Visitor: 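This is the structure I want to talk about, given as structure tokens.
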There are 2 protein chains.
Amino acid sequence: MEVTIKDIAKKIGVSYATVSRALNDRAGVNAETKEMIMAEAKKMGYQPNAIARGLVMKHTHTIALVIPDITNPFFPEIARGVEEIASEYGYNTFLCNTNWDIKKEQIYLKALQEKRVDGIIIKPASDSEEDNLGHITVPVVLFNKILNDSKYSCIEIDNERGGFLATKHMIEAGYKKIAFIGGKPDSFSNTQRMEGYKLALQRYKYKIDESLIINGSFKTQSGYETMTRLIESGNLPDGVFAGNDVIAFGVLQSAKEHGLDVPNDLGIVGFDDIPHADLPQIQLTTIAQPKYLMGKYAVEILLNEIKNKAKKEVKRIILDPELIERKTTRGLQSW
Amino acid sequence: MEVTIKDIAKKIGVSYATVSRALNDRAGVNAETKEMIMAEAKKMGYQPNAIARGLVMKHTHTIALVIPDITNPFFPEIARGVEEIASEYGYNTFLCNTNWDIKKEQIYLKALQEKRVDGIIIKPASDSEEDNLGHITVPVVLFNKILNDSKYSCIEIDNERGGFLATKHMIEAGYKKIAFIGGKPDSFSNTQRMEGYKLALQRYKYKIDESLIINGSFKTQSGYETMTRLIESGNLPDGVFAGNDVIAFGVLQSAKEHGLDVPNDLGIVGFDDIPHADLPQIQLTTIAQPKYLMGKYAVEILLNEIKNKAKKEVKRIILDPELIERKTTRGLQSW
DNA sequence: CTGAAAGCGCTAACAG
DNA sequence: CTGTTAGCGCTTTCAG
């Protein structure tokens, strides 16, 4: 049997309230008895029961991070940020992987609430917010742009500006026929990146060619397949702005297999700046997001909302994207 | 206030025991009243309190996966495996990242136990088992070879054989001066891979040159730095077996920066076969581990131990590594 | 089929 | 400084 507060109380001959006080370092316990209690607790191998405590305290000191794809190196970076900061504040974090499956997300959200997590940080699998987050009663912060009247705080990169920057860079480097190979079509981030792309095209008087705008999923495989299709259909662009880096990897792969010279025959820019995008063999030009920081901020906002549940104010943090020029695009100088 | 079982009992005019029975689908409730209860529960937005339930039931239906580096793409693959399978069985999983920090691991293990997780799957940050896992009372399964008298189940690849295979491959491909650039020196996996390397060297009458055996950490940066040091010290090998793939990436990077032709001037083989090791620009020859499967098996063993806590038997699963020949080594044919 | 009551391990008034 | 007591929300005998 597990050793409880009562066992140690009995052993020492005090009431278990006293033991509780001692263990929790609360005032009003004689120094000597406290010491005895601590010693005995250690000796008996006492381990506080957070479940019981949670039941009375009404908080669990655990939060959840729900993400769509832990296999995309973008998310582990974020996860590291939230986890590290959370644990600094004494919180554990559940890491839930929805696999972009809205049903799975639903199930997680339900379980998380039943387990009484104190708050949730989520990158939704889909963006029809109300559908999914409707039943959540704990504080939530999203990695997503959110409708203006939303009751949730959020933090994200300015995706439209990112898309704009990426496309502008390719235009200025002299690419003429620029495709957008995107990810999940019903994702805000994706849409906004595409909007930025279109905006840049317009700004520079390029015409928007819908046959060059193709969405799929945020996977390497998807990038590979749609690029291959593009090449084999004869509708070959000389530049592609990919919805994210792993898609860009797929594009790169297809290009290589078809003997295309990157960056001369084909320029590529990605989004995220995941680890290994900077390997010399890859050298992917991309739009960087401050992943770790995003995780960090998200927890801080969340923890703050948890603490001040009463007077909550929704915060929206929009971060600046940054273009990282590497070798999958021609530089201006070479033009 | 949260709606509880009592609220809905009061509303309908039954005892809350009955409500409990109905909600949990237990026998002995009149069909009609059950329906009423279910309806009311939904209407009132009742959400079972898993904390309270856990307190009485003595289990939480949550397990933990503690890993050293979520940023190494090897681990997310495993994580996906455990998470998916666990959730199929109705378990949530805490994902904890120790960052190879044994103190952090300690803290997590403590918190996890206090939160009464039902079991723990862990790749220890260090390998002096007894030190770390001593206080754990719940079932544990390790991703690590374990002493023969250990009380824990474990599952892992045959690292020695992997190291052997890797080195043998390089020898047969004609490389003459093969270095081992390893990861954490006090890691079993690392040591075993090194043993396999030595074994192959001996088998083929190569002499073992300790100046060619260098450990560091399981990071790209570490691989990059030690390779660079090797090159700049003039002690240039013509082959390196890296402790894992991300190290190999670093080696690759250094090689490239120093104008070495891979695979002709330098052959490289990694370990793990992480995603993106197969990109055409990388094409890393490596030793594959069945990552997802390892995660899956780990949960299955764990869940089984949880169920049969009484008659537990320790299981040791040793999986076979597989050499994946790609382009960072010469093939036999080209020799 | 249903209700009463005990208790899971702990915290927090409230008395002393 | 310390003990008594009442719950937290739920499951589970044990009676009826």
Side-chain angles (χ1 to χ4, degrees), chain A residues 1-38 40-41 44-62 110-118 137-138, chain B residues 1-38 40-41 44-62 110-118 137-138:
Chain A
M1 208 50 226
E2 225 160 55
V3 19
T4 76
I5 220 176
K6 283 188 182 174
D7 299 325
I8 109 150
K10 205 173 302 172
K11 190 90 166 212
I12 309 212
V14 294
S15 78
Y16 62 92
T18 303
V19 176
S20 171
R21 278 190 278 257
L23 258 20
N24 290 293
D25 221 26
R26 239 172 281 290
V29 181
N30 175 30
E32 272 179 48
T33 57
K34 177 166 175 179
E35 236 170 89
M36 284 182 58
I37 291 171
M38 300 305 266
E40 190 62 31
M44 298 178 76
Y46 172 72
Q47 286 191 317
N49 185 328
I51 291 288
R53 176 180 289 158
L55 186 56
V56 11
M57 302 290 264
K58 263 107 163 56
H59 63 242
T60 52
H61 271 251
T62 109
K110 183 157 171 288
L112 258 13
Q113 294 232 92
E114 295 190 353
K115 294 205 168 138
R116 298 300 190 259
V117 296
D118 293 338
T137 53
V138 293
Chain B
M1 205 52 225
E2 225 159 51
V3 19
T4 76
I5 219 176
K6 284 188 184 175
D7 299 324
I8 108 150
K10 205 173 301 172
K11 191 88 167 213
I12 309 212
V14 295
S15 77
Y16 61 91
T18 303
V19 176
S20 170
R21 279 190 277 258
L23 257 19
N24 290 292
D25 221 27
R26 239 172 280 291
V29 181
N30 177 28
E32 271 178 49
T33 57
K34 177 166 174 179
E35 236 170 88
M36 283 182 59
I37 291 171
M38 300 306 266
E40 190 61 30
M44 298 178 76
Y46 171 73
Q47 285 190 318
N49 184 329
I51 292 288
R53 176 181 288 158
L55 186 57
V56 11
M57 302 290 263
K58 262 99 164 61
H59 61 243
T60 52
H61 272 253
T62 109
K110 183 157 171 289
L112 256 14
Q113 294 230 93
E114 295 190 353
K115 295 207 168 136
R116 297 300 191 260
V117 296
D118 293 338
T137 54
V138 293

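Computed from a prediction, not measured in an experiment: that's the story for all the values here. Just so we're on the same page: letters track the sequence lines, and every chain starts at 1.
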Visitor: Take atom CE of A:Met36 and atom C1' of D:dT2, then tell me their distance rounded to the nearest Å.
Guide: 14 Å
Visitor: Considering only C:dC1, D:dC10, C:dG3, which nucleotide approaches the side chain of B:Tyr16 most closely?
Guide: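 The listed nucleotide nearest to B:Tyr16's side chain is D:dC10.
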Visitor: Take B:Asp7 and B:Met44 through the test side chain to side chain contact (heavy atoms under 4.5 Å, CB included) and record every step on the way to the result.
Guide: CA-CA 9 Å; B:Asp7 299 324; B:Met44 298 178 76; 4.0 Å; yes
Visitor: B:Asn49 side chain N/O closer than 4.0 Å to the phosphate oxygens (OP1, OP2) of D:dC8?
Guide: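 No, outside the criterion.
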Visitor: What is the distance from CG of A:Leu23 to P of C:dC10, rounded to the nearest Å?
Guide: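 Computing the A:Leu23:CG to C:dC10:P distance gives 8 Å.
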Visitor: Roughly how many Å is it from CD1 in A:Ile8 to P in D:dG3, rounded to a whole number?
Guide: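 My rounded result for the distance is 12 Å.
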Visitor: Taking for each residue the nucleotide of DNA chain C with the nearest heavy atom, is it B:Ala31 or B:Ala52 whose nucleotide lies nearer the 5' end?
Guide: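 Final value for this comparison: B:Ala31.
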Visitor: For residues A:Arg53 and A:Pro48, report the shortest heavy-atom separation together with the two atoms involved.
Guide: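 The pair with the smallest heavy-atom distance is NH2-CB, 4.1 Å.
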Visitor: Side chain of B:Val29, heavy atoms from C-beta onward: which of C:dT2, C:dA5, D:dG3 has the nearest atom to it?
Guide: C:dT2
Visitor: What is the separation between atom CD on B:Glu32 and atom C1' on C:dT2, rounded to the nearest whole Å?
Guide: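 Going from B:Glu32 (CD) to C:dT2 (C1'), I get 15 Å.
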Visitor: Just compare C:dA12, C:dG9, C:dG3 and give me whichever is closest to any side-chain atom of B:Thr18.
Guide: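 Comparing C:dA12, C:dG9, C:dG3 against the side chain of B:Thr18, the answer is C:dG3.
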Visitor: For the pair made of CZ in B:Arg116 and P in C:dC10, what is the distance, rounded to whole Å?
Guide: 7 Å
Visitor: For DNA chain C, whose closest nucleotide is more 5', that of B:Leu55 or that of B:Thr33?
Guide: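 Looking at DNA chain C, the more 5' nearest nucleotide goes with B:Thr33.
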Visitor: Report the distance from atom CD1 of A:Ile12 to atom CD1 of A:Ile37, rounding to the nearest 0.5 Å.
Guide: 5.5 Å
Visitor: Provide, to the nearest angstrom, the distance between the NZ atom belonging to B:Lys6 and the P atom belonging to C:dA5.
Guide: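 So the NZ-P distance, B:Lys6 to C:dA5, works out to 12 Å.
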Visitor: Please determine if a side-chain N or O atom of A:Ser15 lies less than 4.0 Å away from the OP1 or OP2 oxygen of D:dT2.
Guide: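 Answer no for this pair, as no side-chain N or O of A:Ser15 is under 4.0 Å from OP1 or OP2.
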Visitor: Name the nucleic acid region contacted by B:Ser20, choosing base, sugar-phosphate or nothing; use a 4.0 angstrom heavy-atom cut-off, strictly under.
Guide: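 Touches a base.
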Visitor: So if I take every side-chain heavy atom of A:Arg26 and compare against C:dA4, D:dT11, C:dA12, which nucleotide ends up nearest?
Guide: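 Of the options given, the side chain of A:Arg26 lies nearest C:dA12.
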Visitor: With a 4.0 Å limit, can you tell me whether A:Lys58 has a side-chain N or O closer than that to the phosphate oxygens OP1/OP2 of D:dG9?
Guide: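 Answer yes for this pair, as a side-chain N or O of A:Lys58 is under 4.0 Å from OP1 or OP2.
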Visitor: Would you say a side-chain N or O of B:Arg21 is under 4.0 Å from OP1 or OP2 of D:dC10?
Guide: no
Visitor: Take atom CG of A:Asn30 and atom C1' of D:dG3, then tell me their distance rounded to the nearest Å.
Guide: 15 Å
Visitor: Is the NZ atom of B:Lys11 crowded by more than 12 outside heavy atoms at less than 6.0 Å?
Guide: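 Not more than 12 within 6.0 Å, no.
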Visitor: I'd like to know if A:Lys10 pairs up with A:Glu40 as an ion pair, taking the criterion as any Lys NZ or Arg NE/NH1/NH2 lying under 4.0 Å from an Asp or Glu carboxylate oxygen.
Guide: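 Between A:Glu40 and A:Lys10 there is no salt bridge, as every charged N stays at least 4.0 Å from the carboxylate O atoms.
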Visitor: Grab the CE-C1' distance between B:Met57 and C:dC8 for me, whole Å please.
Guide: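 For the pair B:Met57 CE and C:dC8 C1', the rounded distance is 12 Å.
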Visitor: Checking contacts here: which listed nucleotide (C:dA12, C:dC10, D:dC10) is nearest the side-chain heavy atoms of A:Ala17?
Guide: C:dA12
